[in-house]
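Written out below as structure tokens is the structure these notes cover.
Since the model is a prediction, treat every value here as computed from it, not as a measurement.
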Amino acid sequence: MDVDALAALAAVRSQGGVTRAAAVLHVSPSAVSQRLAALTRAAGTPLTERGGRRLRLTPAGEALADAAVEVAAALERARTAARDSQQRPTGLVRVSAFASGAELLFPGLLTRVAGFPGVRVECSDEDVALDAFAPLTDRLDVVVAHRPETAPAWTAHPAQVSTTPLLREPLDVALAVGHPLAGRSGLDPGDLVGQEWIAVREGFPVAPVLDAVAGRDGPARIVQRVNDFHVVLALVAAGHGLALLPRFTCGHHPGVRLVPLTGVRAGRLVEALVRPDKAERPVVRLVLDELAALARELTPGA
């Protein structure tokens, strides 16, 4: 079976279709379709089927896509073994993160990797919905993602990613300094009934946590939906509502006080996602190690 055809099948699964798979593979959609057709002939059984307007994998296609991930990882291990085992890791590593994670981690990461000659990190910010983080690993080497503590682990995603835990960041209630509740040392969800909230858009990681905290006695009263935490802080400071915000990245606005939640565990998990084949590259492992060490430094005892 052709390696490129196996990669096309895995990409169709992780990206959800031929067009998006073609984009991450840097080929045309017709080339992806041709590779799938050749792979189907080699397998002797249908690997894809139509589900409405979407192309989905058959059980045989799912099994072969799993094998394709293993093949890609094995090839990368072989390439690494062919290099000088004493050679220091070098090369380019493309790293993305959601906006507040990028603000927290990128400056220190770039400072740390500057001490490794021949290692270059190219950073980008990717503000995506929860289910869109894992597919980013098809075109990026390391994807820093966040999810609510109650959300399924990334390993359950069909994109087949490996996960490096970085940190747990508590989510606190953000209030204007003049708000009647701002002087409290902690807030129980019962204290927040009837409050107006500024939330992120539906599908983004903090949204389910707010639903669980503020919606115990009915839906939370959401008056604005804004994803940029800097804008949210400005709105909270001006008295336009409360917000649920991450402690480490949003605790420095002079007009806002972050108050911890009591009686409920509210936080987000920040993790680095990597495709198994890319995780075999020594330079990628080096960057992952530096990210994990940096996270430990930034959040001692968290």
Query - Option among T137, D141, D138 that satisfies the side-chain hydrogen bond (donor to acceptor under 3.5 Å, both in side chains) test with R275 - result: D138
Approximate separation, where rounding is to 0.5 Å, of [X] [atom1] and [Y] [atom2]:
{"X": "C123", "Y": "L109", "atom1": "SG", "atom2": "CG", "result": "6.0 Å"}
{"X": "I222", "Y": "E196", "atom1": "CD1", "atom2": "CD", "result": "11.5 Å"}
{"X": "L140", "Y": "E122", "atom1": "CG", "atom2": "CD", "result": "9.0 Å"}
{"X": "S124", "Y": "R139", "atom1": "OG", "atom2": "CZ", "result": "7.0 Å"}
{"X": "R147", "Y": "L273", "atom1": "CZ", "atom2": "CG", "result": "9.0 Å"}
{"X": "D66", "Y": "L64", "atom1": "CG", "atom2": "CG", "result": "9.0 Å"}

Query raised in the report: Under 3.5 Å, is there a donor-acceptor pair linking the side chains of R268 and S100?
Result: yes
Requested in this report: Return the orientation label for the F98 and H146 ring planes: parallel under 30°, perpendicular over 60°, tilted otherwise.
Outcome: parallel
Shortest non-hydrogen contact from [X] toward [Y]:
{"X": "T45", "Y": "A60", "result": "CG2-CB, 3.8 Å"}
{"X": "V236", "Y": "A243", "result": "CG2-CB, 3.9 Å"}
{"X": "A272", "Y": "V142", "result": "CB-CG1, 4.0 Å"}
{"X": "E149", "Y": "A266", "result": "OE1-C, 3.9 Å"}
{"X": "L25", "Y": "A11", "result": "CD1-CB, 4.0 Å"}
{"X": "V284", "Y": "A279", "result": "CG1-CA, 4.4 Å"}

Query raised in the report: Quick one: do R112 and D289 make a salt bridge, cutoff under 4.0 Å?
Result: no
Query raised in the report: Looking at L181, L258, L192, which hits side-chain contact (heavy atoms from CB on, under 4.5 Å) with V173?
Result: L192
Report summary line: Exactly one candidate in L171, L130, L269, L210 meets side-chain contact (heavy atoms from CB on, under 4.5 Å) with P148; the answer is L130
Report task. List for me each residue that meets side chain to side chain donor-acceptor pair (under 3.5 Å) alongside Q224, sequence neighbours excluded, and say none if there are none. Result -> none
Let me check something: do [X] and [Y] share a hydrophobic cluster, defined by ILVMFWY side-chain heavy atoms less than 4.5 Å apart, either directly or through other members?
{"X": "L92", "Y": "L288", "value": "no"}
{"X": "V177", "Y": "L235", "value": "no"}
{"X": "L47", "Y": "V3", "value": "yes"}

Is the backbone of [Y] close enough, under 3.5 Å, to the side chain of [X] for a donor and an acceptor to pair up by distance?
{"X": "R168", "Y": "V270", "result": "no"}
{"X": "R221", "Y": "Q195", "result": "no"}
{"X": "T48", "Y": "L57", "result": "no"}
{"X": "E169", "Y": "T249", "result": "yes"}
{"X": "D188", "Y": "L261", "result": "no"}
{"X": "R257", "Y": "R184", "result": "yes"}

Report task. Enumerate the residue pairs fulfilling side chain to side chain donor-acceptor pair (under 3.5 Å) with a member in residues 19-28, sequence neighbours excluded, ordered by first and then second residue. Result -> S28-S30
Requested in this report: May I have all residue pairs that pass salt bridge (charged side-chain N to carboxylate O under 4.0 Å, His left out) and include part of residues 24-49, sequence neighbours excluded?
Outcome: E49-R56
